[in-house]
K.L.:
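The structure under discussion is supplied below as structure tokens; questions concerning it will follow.
Along the sequence shown, the residues carry numbers beginning at 1. Below, all heavy atoms of this structure are taken into account, side chains as well, without hydrogens, waters or symmetry copies. Remember, predicted model here, so these are calculated numbers, not experimental data.
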Amino acid sequence: MTHLLTPLSVKKGTLKHTDDIKESLNLSIELLLNTPLGCIPSDPEYGFVFTGLKFEIFEESNGTIHTESNDNSPIYKKKISGSSKNIQTFASELNEAIRQYEPRLRDTATVMTYIREKKEILVAVRGIILTNLEPYEYRTSIKVW
């Protein structure tokens with residue numbers, strides 16, 4: 001079975017594709033993670049919020065992002081670190097986006113951990129690939145602030 005590679009590109013008049021479902025899943029999650037939430041007019045729910053948080057207030061002591069104003073936006077006062085079982089973390093939001101936009105995975109779990117010394121967030125996504133029931137794992141890091 002072949003899978004499209006995202007972002008889409010054309011090579012010799014055809015869309016690039018791969019037979020490696022893990023490579024395709026990796027690129028799909030990477031695109032979701034690096035697309036600013038709300039930047040696609042046809043689907044404003046697609047994307048992730050981290051690309052827009054470079055100038056927000058970040059409390060290193062407890063890993064919380066917020067603003068000084070009384071902004072009621074749902075992206076504020078959330079923690080980075082934690083598992084997808086905690087609804088007040090960015091990990092839970094990413095996990096929900098993966099569930100919504102990547103139907104080739106099931107039983108997904110997402111964990112984010114802030115590494116203070118490196119000023120980066122480690123991201124780990126685990127799940128089961130539906131077509132072959134193999135375990136799937138994606139890891140990356142995001143430099144912040």
Side-chain angles (χ1 to χ4, degrees), residues 3-11 15-145:
H3 305 278
L4 289 177
L5 295 174
T6 53
L8 298 175
S9 62
V10 178
K11 185 176 183 181
L15 289 172
K16 278 182 76 176
H17 63 277
T18 181
D19 290 329
D20 185 355
I21 190 169
K22 289 183 180 180
E23 179 184 11
S24 178
L25 286 166
N26 289 348
L27 290 171
S28 175
I29 292 173
E30 189 173 315
L31 182 64
L32 179 63
L33 190 59
N34 290 301
T35 301
L37 186 64
C39 81
I40 299 178
S42 62
D43 190 353
E45 296 294 314
Y46 185 86
F48 192 60
V49 72
F50 266 148
T51 52
L53 292 178
K54 298 292 184 190
F55 302 105
E56 305 303 337
I57 297 169
F58 178 66
E59 292 181 21
E60 281 190 324
S61 61
N62 63 7
T64 303
I65 296 169
H66 64 92
T67 64
E68 288 182 314
S69 68
N70 286 333
D71 190 339
N72 291 327
S73 173
I75 67 170
Y76 300 117
K77 297 181 182 170
K78 290 193 183 294
K79 291 189 176 187
I80 290 171
S81 295
S83 73
S84 60
K85 293 177 181 146
N86 181 343
I87 62 169
Q88 283 301 92
T89 66
F90 287 103
S92 66
E93 290 184 3
L94 178 58
N95 198 57
E96 187 56 37
I98 292 168
R99 284 185 189 152
Q100 182 176 354
Y101 291 102
E102 194 40 80
R104 298 175 291 175
L105 289 175
R106 74 169 197 207
D107 302 331
T108 58
T110 303
V111 177
M112 292 182 166
T113 307
Y114 176 65
I115 307 298
R116 179 190 274 173
E117 298 78 28
K118 294 183 178 183
K119 302 250 188 248
E120 71 180 4
I121 298 166
L122 301 179
V123 179
V125 176
R126 290 187 183 93
I128 302 294
I129 301 171
L130 281 177
T131 56
N132 57 19
L133 300 179
E134 285 185 20
Y136 169 77
E137 185 170 354
Y138 171 79
R139 292 183 175 274
T140 192
S141 63
I142 303 169
K143 292 282 187 185
V144 291
W145 301 279

K.L.:
Do the side chains of Met112 and Leu94 get nearer than 4.5 Å, heavy atoms only?
P.N.:
yes
K.L.:
Any idea which heavy atoms bring Pro135 and Ile128 closest together, and the distance?
P.N.:
CA-CD1, 4.1 Å
K.L.:
State, to 0.1 Å, how close Gly47 and Ala97 come at their nearest heavy-atom pair, and which atoms those are.
P.N.:
O-CB, 4.5 Å
K.L.:
Go through the structure and list residues passing side-chain hydrogen bond (donor to acceptor under 3.5 Å, both in side chains) with Tyr138, not counting sequence neighbours.
P.N.:
none
K.L.:
Going from CZ on Arg126 to OG1 on Thr108, what distance comes out if it is rounded to the nearest 0.5 angstrom?
P.N.:
12.0 Å
K.L.:
Could you work out, with side-chain hydrogen bond (donor to acceptor under 3.5 Å, both in side chains) as the rule, every residue matching Asp43, not counting sequence neighbours?
P.N.:
Tyr101
K.L.:
Is it the case that the side chains of Tyr136 and Asp107 hold a donor-acceptor pair, with the cut-off being a distance below 3.5 Å and no angle test?
P.N.:
no
K.L.:
Nearest 0.5 angstrom please: Ile115 CD1 to Ile121 CD1, how far?
P.N.:
10.0 Å
K.L.:
Just how far is it from atom CG of Asn132 to atom CZ of Arg104, taken to the nearest 0.5 Å?
P.N.:
11.5 Å
K.L.:
Of all the heavy-atom pairs spanning Lys143 and Lys118, show the shortest one and how long it is.
P.N.:
NZ-O, 3.5 Å
K.L.:
Measure the CD-NZ distance between Glu137 and Lys22 for me, rounded to the nearest 0.5 Å.
P.N.:
9.5 Å
K.L.:
Which is it for Glu30 and Asn26 under the side chain to side chain contact (heavy atoms under 4.5 Å, CB included) test, yes or no, and what are the steps along the way?
P.N.:
CA-CA 6 Å; Glu30 189 173 315; Asn26 289 348; 5.7 Å; no
K.L.:
Hey, could you give me the OG/CG distance between Ser28 and Leu33, rounded to the nearest 0.5 Å?
P.N.:
11.0 Å
K.L.:
If I take atom CD from residue Glu96 and atom OG1 from residue Thr110, how far apart are they, to the nearest 0.5 angstrom?
P.N.:
10.0 Å
K.L.:
Which heavy atom of Ile29 sits nearest to which heavy atom of Leu105, and what is that distance?
P.N.:
CD1-CD1, 4.1 Å
